Amino acid sequence: MIRLRFAPSPTGYLHIGSARTFIFNWLYARRHGGTMILRIDDTDLERNTQASLDSIFDGLNWLGLGWDEQYRQSERLAQHRQAAEAIFHKGHAYRDFTPAGSEEKSHAAGPWLCNPGMRELPAEESDRRAAAGEPFVLRYRVPRETRADVRFADAVYGGQCKATADVEDFALLRSDGMPTYHLASCADDVDLRISHIVRGQDHLSNTFKHILIFESLGADPPRFAHLPLLVAPDGAKLSKRRHGPVVSVTTYRDAGFLPHAYVNFLCLLGWSPKDNREQMSRQELIEAFSFEGVNRANAVVNFKDQDPIDPKALWLNSQHLRSMPIEDLAPMVKAELDGAGLAVPYGDEWLSRTVDVLRARFFTLKDFATRARAYFADDFPIEPDALGKLDQPQARELLGELGSRLAASSEFSEQSVEAELRKLAAERGVKAGLLINGARAALTGQPVGPSAFAVFAAIGRERVVARLGKVYAQ
RNA sequence: GGCGAUGUGGACAAGAGGCUAAGUCGCCCGCCUCUCAAGCGGGUCAGCGCGGGUUCGAUUCCCGCCAUCGCCGCCA
């Protein structure tokens with residue numbers, strides 16, 4: 001049985017690195033017909049917030065990948081304590097009565113391994129003090145008297161080995177009786193029969209401790225695959241304080257990214273199909289995913305202070321935007337327009353045609369509500385460069401004439417408009433480009449955009465006539 | 001400080017003991033064209049962290065160093 005889990009702790013919003021970890025877990029599960037589990041690691045009562053939990057669900061739901069089973073660690077406390085007890089009774093853990101915060105764990109002198117005296121405290125004294133109600137931390141008794149190594153094979157980083165002598169006596173239970181991350185996570189991984197742990201490389205060193213816990217619990221450790229970290233251009237770990245919106249997936253959602261395109265982008269950070277493909281569908285990603293394709297070096301998210309969006313992410317989004325089925329895109333555009341207070345002036349068929357015309361030069365969903373405002377509303381700004389097109393000699397007058405002719409013509413299509421426009425240009429001895437570019441400026445307020453005749457068709461006769469007339473009037 | 005990892009162009013990222021070290025993004029130029037994109041064509045950017053060693057030959061194997069990252073919490 002292949003079973004993977006994504007285990008976020010609700011102490012902040014969904015970080016893009018976490019999102020990527022979720023995605024890689026999901027891809028592996030789907031690739032091998034496994035089960036994807038979402039486990040909320042909320043054992044740190046002090047720092048958990050509902051807002052954070054909401055934001056994590058928001059982010060995951062936006063990615064749209066889904067999961068098969070869901071758990072919450074705080075509902076599994078009984079199992080965690082049972083696991084702690086089992087380890088204690090095996091003699092693999094001891095009580096540490098050192099008061100919280102009284103130790104100085106300075107790294108300058110060397111690594112902290114354990115509190116002297118506590119590890120060797122006689123059982124009777126330990127029991128007596130515990131019975132008397134003295135608070136204690138339950139620590140794992142890492143075997144270090146004799147030479148021993150902890151080993152495991154990481155699917156990404158290869159064989160790993162560390163002497164137990166270098167592993168500190170980490171905590172299993174806090175003095176308030178709550179399990180620590182290490183204990184809760186491993187106990188749950190055993191209970192939930194997790195077969196593969198895929199997580200950030202920041203846990204690589206912790207894995208040695210986890211192997212010890214798994215062994216004490218009498219369980220075979222799962223397979224491990226650690227992922228390189230996502231870092232800032234200066235190599236520093238991505239942090240909310242220093243890097244702001246770059247680290248939150250909601251930034252990309254709010255910037256008008258397509259969920260699938262963003263998933264695609266995240267996949268390419270630290271993983272490659274090795275065959276030069278960049279734009280990939282969900283199915284292609286599933287079929288191509290493997291840990292062999294995962295890189296070992298941290299991946300830089302290439303953003304700037306002024307612009308949180310990685311240029312490659314934007315490019316990839318445009319590729320998906322331009323090639324995805326129009327019937328999938330149209331509803332997303334509609335939602336975007338709704339959000340911007342814009343209404344679709346004609347029917348769904350018109351929307352689809354118009355979206356198709358526009359998307360060839362758009363990058364995000366946001367563009368439909370901003371750059372394409374003139375297609376959906378009558379109040380749109382005239383850009384300075386567009387004004388330049390209108391202020392060519394004779395332009396306004398000719399556009400006004402064109403408007404009158406189009407109002408009176410029997411047909412209104414790309415072809416008929418083009419014929420009418422070229423005929424007018426020929427009659428007056430001006431280049432068609434004068435009218436073509438002028439019309440685009442008058443109809444959209446922009447100097448650039450789709451083929452002008454496609455614009456005429458998209459704007460529709462009534463609005464075309466009105467806008468051309470308005471330009472002449474000015 | 002100890003331990004664990006990583007180091008190919010601005011970013012992503014292939015690669016293999018030996019042909020001119022892929023590709024993508026970005027940037028620049030040209031073609032096309034009613035504009036802008038797209039598309040097509042071309043260009044820019046690394047000799048593979050540094051120093052040794054092995055080898056006929058190493059960026060690829062070995063050693064040392066340096067740099068960077070991670071862990072060393074009663075956070076996860």
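Every chain is numbered from 1, with letters handed out A, B, ... down the list of sequences. If you're wondering where the values come from, they're calculated on a predicted model, not measured in any experiment. Scope of the values below: all heavy atoms of this structure, side chains included, with no hydrogens, waters or symmetry mates.
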For [X] and [N], give me the distance from atom [atom1] to atom [atom2], rounded to whole Å.
X: R277(A); N: C25(B); atom1: CZ; atom2: P; value: 16 Å
X: D202(A); N: C69(B); atom1: CG; atom2: P; value: 14 Å
X: K304(A); N: C25(B); atom1: NZ; atom2: C1'; value: 11 Å
X: D310(A); N: G10(B); atom1: CG; atom2: C1'; value: 11 Å
X: L268(A); N: C25(B); atom1: CG; atom2: C1'; value: 10 Å
X: H203(A); N: A76(B); atom1: NE2; atom2: C1'; value: 6 Å
X: D275(A); N: A14(B); atom1: CG; atom2: P; value: 11 Å
X: N276(A); N: G23(B); atom1: CG; atom2: P; value: 8 Å

Counting any heavy atom closer than 4.0 Å, what does [X] reach on the DNA or RNA strands: base, sugar-phosphate only, or nothing?
X: G200(A); answer: nothing
X: A297(A); answer: sugar-phosphate
X: P450(A); answer: base
X: V300(A); answer: sugar-phosphate
X: G433(A); answer: nothing
X: R47(A); answer: base
X: K389(A); answer: nothing
X: F453(A); answer: base
X: N206(A); answer: base
X: E278(A); answer: base
X: S185(A); answer: nothing

Find the partner of [N]: check Watson-Crick (N1-N3 plus N6-O4 or O6-N4) and G-U wobble (N1-O2, O6-N3) distances, both under 3.5 Å, and reply none if neither fits.
N: A67(B); value: U6(B)
N: G39(B); value: C31(B)
N: G23(B); value: C12(B)
N: C72(B); value: G1(B)
N: C61(B); value: G53(B)

Closest to the [X] side chain, choosing from [options]:
X: L204(A); options: C34(B), G4(B), C74(B); value: G4(B)
X: P311(A); options: G26(B), A76(B), U35(B); value: G26(B)
X: K162(A); options: G4(B), U6(B), C34(B); value: G4(B)
X: S205(A); options: U35(B), G4(B), G2(B); value: G4(B)
X: N437(A); options: C34(B), G70(B), A37(B); value: C34(B)
X: K209(A); options: C25(B), C69(B), C72(B); value: C72(B)
X: A299(A); options: C36(B), C12(B), A76(B); value: C12(B)
X: K312(A); options: U24(B), C34(B), G70(B); value: U24(B)
X: S9(A); options: C36(B), C12(B), A76(B); value: A76(B)

Qualifying residue, where the test is side-chain contact (heavy atoms from CB on, under 4.5 Å) with Y13(A) and the options are V249(A), D58(A), T251(A), V247(A) =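 That would be V247(A).
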Would you tell me whether S216(A) and Y140(A) have side-chain atoms, one donor and one acceptor, within less than 3.5 Å of each other?
->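 Yes, because at least one side-chain N or O of S216(A) sits under 3.5 Å from a partner of the opposite role on Y140(A).
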Does the side chain of D188(A) come under 3.5 Å of the side chain of H80(A) through a donor N or O and an acceptor N or O?
->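 On atom types as modelled, these side chains qualify, holding a pair under 3.5 Å.
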Distance below 4.0 Å between [X] side-chain N/O and [N] OP1 or OP2:
X: S272(A); N: A14(B); answer: yes
X: R440(A); N: U35(B); answer: no
X: N295(A); N: A14(B); answer: yes
X: Q160(A); N: A5(B); answer: yes
X: K431(A); N: C34(B); answer: no
X: T98(A); N: C74(B); answer: no

Could you give me the CA-CA distance, side-chain angles and deciding distance for R72(A) and D41(A), then say whether salt bridge (Lys or Arg N to Asp or Glu O under 4.0 Å) is met?
-> CA-CA 6 Å; R72(A) 225 188 220 253; D41(A) 279 8; over 6 Å; no
Please check if the distance between the ring centroids of F303(A) and H243(A) is under 6.0 Å.
->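 Between H243(A) and F303(A), which both carry aromatic rings, the centre distance is below 6.0 Å.
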Proximity of H203(A) and Y181(A) rings by center, below 6.0 Å =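 Ring centres of Y181(A) and H203(A) closer than 6.0 Å.
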First encountered from the 5' end of RNA chain B, between A163(A) and R322(A) =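 Nearest nucleotide further toward 5': that of A163(A).
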By nearest nucleotide on RNA chain B, pick out whichever of G159(A) and V231(A) is the more 5' one.
->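 Between the two, 5'-proximity favours G159(A).
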If you draw the axis of the six-membered ring of F412(A), does the NZ or CZ of R461(A) fall within 45° of it and under 6.0 Å from the ring centre?
->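 No, a cation-pi geometry is absent between R461(A) and F412(A).
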ring-ring contact (aromatic ring centres under 6.0 Å, His included) between F6(A) and W67(A), worked out | CA-CA 9 Å; F6(A) 171 62; W67(A) 51 90; 9.0 Å; no
Can you tell me, in whole Å, how much space there is between the [atom1] of [N] and that of [M]?
N: C32(B); M: G26(B); atom1: C1'; result: 23 Å
N: U59(B); M: G51(B); atom1: C1'; result: 15 Å
N: C25(B); M: C56(B); atom1: C1'; result: 40 Å
N: U8(B); M: A13(B); atom1: P; result: 9 Å
N: A5(B); M: C65(B); atom1: P; result: 16 Å
N: U33(B); M: G23(B); atom1: P; result: 29 Å
N: G49(B); M: U24(B); atom1: C1'; result: 24 Å
N: U55(B); M: G41(B); atom1: C1'; result: 43 Å

Carboxylate-amine/guanidinium proximity below 4.0 Å for K209(A) and E168(A) =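 A salt bridge links K209(A) with E168(A).
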NZ/NE/NH1/NH2 to OD/OE distance under 4.0 Å, D189(A) and R5(A) =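 Judged by the 4.0 Å cut-off on N to carboxylate O distance, D189(A) and R5(A) do form a salt bridge.
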Please confirm whether any donor atom in the side chain of S451(A) sits under 3.5 Å from an acceptor in the base of C34(B), or the reverse.
->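 When only heavy-atom distances are counted, S451(A) does reach the base of C34(B) through a donor-acceptor pair under 3.5 Å.
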